[in-house]
Structure formats: C-alpha cells, structure tokens
Amino acid sequence: MTPASTGASTTVGAAPSVPVVDSRMTPGGSGYRRMSFALFLAGVATFALLYSTQALLPLISGDLGVTASEASWTVAVSTGGLALFVIPMSALSERFGRRTVMTASLAVAVGLALLVPFAGSLTTLVALRAVQGAALAGLPASATAYLAEEVRPKALVTAIGLFVAGNSVGGMSGRVITGWVAQEWGWRVAVGALGVVAFGCAVAFRLLLPAPRHFVAGSLRPGVLFRTVRAHLADPLLRRLYGIGALFMTVFGGVYTVIGYRLTEEPFGLPQGVVGSIFLVYLVGTVSASTAGRLVGRLGRRGALYLGGGTTAAGLLLSLADSLVLVLVGLVLITAGFFAGHAVASSAVSRTATHGRAQASALYQSAYYVGSSVGSTVGAMAFHAGGWSGTVGVGLLAVAGVVGITAVGSRAAARRA
C-alpha cells in the first residue's frame with residue numbers, strides 16, 4: 001500500500017514531538033529547600049572562617065605587639081589566598097564535580113581553623129591564614145556554578161542571593177561569637193570556638209546538598225582553561241561585573257577591618273564584646289541579598305547597582321559622625337548596599353556566561369577578594385595615617401568607581417538599543 005492510499009506522511013523517520021521537561025530545581029521543591037539550606041551553611045562557614053580574625057585585630061595587636069596595619073595582614077592574606085587560588089580550584093570543580101570540591105575545601109579549611117589558636121607569632125598566624133584562604137577558594141565559584149547548573153534560570157538570582165545571605169550570617173555570627181568569647185577568654189579561644197561551629201556547618205552541608213544531576217565533567221588541560229579564561233576576560237559585560245565586585249568589596253573590607261579600632265578608641269571606648277555585637281548589622285545584608293532578585297525585577301540590573309552604590313555612599317558619610325547611633329545607621333546602610341550590589345553582580349555573571357561557568361564565577365570571586373585584600377590593607381593604612389575619615393575616603397573613591405562602571409554599561413546598552 002502506498003502512502004497516498006493510507007494517508008501516512010512521506011517523511012521518513014519522523015517521530016512525535018515530546019515536550020522537554022526541565023528537571024532543574026525550582027523554589028518550593030524539597031530538593032531546592034535542602035540545596036538552599038546546605039549552601040546557606042556553606043556560606044556561613046566560608047565567611048566566618050575567612051574573616052575570623054577581623055573583629056579581634058585590636059586584641060591580636062596587643063597580644064603579639066604589632067600595629068593595626070600589621071595585624072590587618074591576617075585578614076588580607078586569607079582573602080588574597082582565596083583570590084589567588086579560586087581559578088585553579090574552579091578548574092578542579094569542572095573535572096571532579098562541584099560538590100566534591102566544596103566538601104574537600106571546607107574540610108581543609110576547618111582543619112586549619114583548629115590550628116590557628118596555637119600560632120605563636122604573627123608570621124605563623126599569617127601563614128596559616130593564607131593557606132586557609134586558599135583552601136576556601138573551592139567554595140564560592142563552585143557554589144555559583146552548581147546553582148547555575150541545578151537551578152532554573154528564573155530562580156537563579158534568588159538562589160544565589162540565599163548563598164550570599166549565608167555569607168552575611170557567617171560574617172555576622174563569626175564576629176559576634178569571637179567578640180564575646182574573646183572578651184572572657186582571649187582571641188585564641190575565640191577563633192577555636194569558631195572552628196568548631198564551622199565544623200558543624202561543614203558536616204551538615206555534606207549531608208544535605210543534593211547530588212548534582214546536570215554536571216558534565218570538563219577538561220583539566222591548561223590550554224582549555226586558558227582559552228576559557230581569556231574568552232571571559234574578553235567579554236566587556238563580564239569585565240564590568242568583575243570590576244564592580246572588586247570595588248564593592250574594597251569598601252566593605254576596609255570598613256569592617258578598621259571599625260573595631262575606631263569603636264574601641266575614644267570617643268566611644270566600647271569593650272570587645274560590644275564591638276563584636278556591632279556586626280549584628282550583617283543581618284541587614286542577609287535581607288538585602290536575599291531580596292536582590294525582586295530588586296532587579298523592579299529596577300533592572302543597573303538600577304539595582306546604582307541603588308546599592310548610593311546606599312553604600314550614604315552610609316560612609318553618616319559614619320563620619322561622632323555619634324554612636326549615626327555610626328550604626330551608617331554601618332547598616334553600608335552593609336545593605338554592599339550585599340545587594342554583590343548579589344546582583346555575582347548572579348549577573350552566572351547568567352551572562354554560557355560556558356565555563358565555574359571559571360566565569362571564579363574570575364568574579366578572584367576580583368572580589370582582591371578587592372577585600374586591597375580594602376583591608378589600604379583601609380588600615382588610611383586609618384593609621386588619617387583616622388576614620390581616611391578609611392571613608394578610600395570607600396567613597398571605590399563607590400565612585402562602581403557608579404562610573406555602571407554608567408559605562410548604561411551607555412553601552414543605549415548604543416545597542
């Protein structure tokens with residue numbers, strides 16, 4: 001029988017169309033909730049360990065007999081180690097998997113955290129902190145790449161915002177815990193206690209994080225890695241996002257490295273425990289980061305970045321007052337603006353990169369933590385030379401850079417339109 005007599009199609013090998021089902025996670029599902037909480041805990045551990053000495057710098061200065069700028073190296077080398085190793089660690093995650101690399105990174109970082117209290121000199125302490133920062137490099141880029149692969153695009157900004165919110169909770173809880181513990185038992189017991197907390201977060205993270213379903217192993221060949229990195233650096237939008245992340249973190253790193261010295265000195269003269277509690281303002285960052293998706297929906301990416309930069313600048317100017325209330329309001333605004341801007345920029349990197357997402361995120365994280373190292377070091381030097389107003393001046397210059405880069409992006413978008 002011929003096709004004409006049966007009414008059959010003459011197309012050979014035709015198959016009925018089957019709707020493609022997106023199996024990636026969405027908000028509301030049990031896997032999404034487990035994943036969100038696991039990465040939230042990873043963010044808590046990362047920021048708590050990375051900045052474990054920041055609130056304790058005045059005590060470290062007194063115990064080891066070093067200046068503020070010298071003690072600030074215990075923060076700068078940890079963030080610098082992360083910045084230096086984040087790209088190699090992202091390459092390992094492309095080959096061995098995001099969950100494997102994140103688990104190993106946390107395990108090594110926690111082990112080093114339990115050794116830090118026994119450092120007998122500034123040199124030993126700085127060396128341990130540098131290696132700890134390098135170990136933590138496996139977390140940020142791998143986490144955002146995991147989310148980009150396992151979460152549907154519409155939920156990506158919110159998911160990354162929750163991870164960044166975990167960063168803010170880690171930064172806050174680490175400083176509050178160390179502040180009060182150090183007031184009673186010294187800075188060594190304080191950082192040891194933080195290591196125990198991070199150990200609990202690491203165990204829970206490994207038990208909760210769902211196995212990846214969409215990961216495809218890549219190559220470890222240096223040539224492939226080099227070409228991927230070069231392609232990302234050739235993208236003007238990605239370059240702008242990297243610069244924005246670095247400048248936002250320059251402000252944040254400088255402010256929170258120096259604020260302990262300012263508040264323990266006159267006219268405030270606060271005790272160490274109270275100074276540690278000041279970091280409760282990080283909770284504002286938890287809220288601003290987790291709502292970044294809605295902010296972008298209302299204002300657009302560039303509008304959200306302008307708002308983040310303006311809020312940060314307003315906070316810097318308010319913090320110049322000799323009123324503790326105004327200083328606290330300033331810290332709230334700085335924290336809210338920073339975390340909102342960071343969540344917007346980092347999620348934009350994940351959405352912009354169409355290949356080599358781990359490397360794209362790693363470049364962002366590298367720039368981000370270079371900004372932290374520069375901010376903590378230059379901010380401390382500016383404080384030593386000109387007091388708090390010097391640190392604020394450094395921060396305002398960085399915010400001006402954020403606004404300038406965003407304006408360049410706005411003009412580029414207008415030309416394309």
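Residue indices begin at 1 and follow the sequence shown. Because the structure is a prediction, the values reported are computed rather than measured.
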What about the rings of Y368 and F248, do their centers lie closer together than 6.0 Å?
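Ring centroids of Y368 and F248 are no less than 6.0 Å from each other.
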Could I get the full list of salt bridge (charged side-chain N to carboxylate O under 4.0 Å, His left out) partners for [X], not counting sequence neighbours?
X	answer
D63	R188
R301	none
R240	none

May I have the step-by-step check of side-chain contact (heavy atoms from CB on, under 4.5 Å) for F205 and L106, ending in yes or no?
CA-CA 9 Å; F205 161 80; L106 273 179; 3.8 Å; yes
[X] side chain to [Y] backbone, donor-acceptor under 3.5 Å:
X	Y	value
S105	A135	yes
S78	R129	no
R411	T406	no
T46	A42	yes
Y146	G97	no
S319	L316	yes
S142	L139	no

Distance-minimising heavy-atom pair for [X] and [Y]:
X	Y	answer
S93	R98	OG-NH1, 3.0 Å
A48	L194	O-CD2, 3.2 Å
S61	T67	OG-O, 3.6 Å
P271	Q183	CB-OE1, 3.7 Å
L326	A321	CD1-CB, 3.6 Å
A109	L136	CB-CD2, 3.5 Å

Derivation and outcome, side-chain contact (heavy atoms from CB on, under 4.5 Å), residues T391 and R262
CA-CA 11 Å; T391 303; R262 188 185 186 210; over 6 Å; no
Heavy atoms, side chains only, cut-off 4.5 Å: are [X] and [Y] in contact?
X	Y	answer
I60	L125	yes
L92	T100	no
L238	V349	yes
L263	L324	yes
W187	S52	no
L363	I87	yes
L122	W73	no
M102	L39	yes

Does the side chain of T335 pick up a donor-acceptor pair with the side chain of Y256 at under 3.5 Å?
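Yes - a donor-acceptor pair under 3.5 Å links their side chains.
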For the residue pair S376 and S72, confirm or rule out a side-chain donor-acceptor distance under 3.5 Å.
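On atom types as modelled, these side chains do not qualify, holding no pair under 3.5 Å.
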Starting at [atom1] of [X], measure out to [atom2] of [Y] and round the result to the nearest 0.5 Å.
X	Y	atom1	atom2	value
L241	D235	CG	CG	8.5 Å
T74	L128	OG1	CG	11.5 Å
F118	T124	CZ	OG1	13.5 Å
L208	R33	CG	CZ	12.5 Å
L209	R34	CG	CZ	8.0 Å
L247	M249	CG	CE	12.5 Å

Give the C-alpha distance, both sets of side-chain angles, the deciding distance and a yes or no for side-chain contact (heavy atoms from CB on, under 4.5 Å) between L396 and L317.
CA-CA 9 Å; L396 289 173; L317 293 172; 3.8 Å; yes
If the plane angle is over 60° it's perpendicular, under 30° parallel, otherwise tilted; pick one for H342 and F339.
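Geometry flag for F339 against H342: tilted rings.
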Is it the case that atom [atom1] in [X] sees more than 12 heavy atoms from other parts of the structure closer than 6.0 Å?
X	atom1	result
W388	CH2	yes
F85	CZ	no
F37	CZ	no

Pair M89-L82, side-chain contact (heavy atoms from CB on, under 4.5 Å): steps then yes or no:
CA-CA 10 Å; M89 294 293 271; L82 191 152; over 6 Å; no
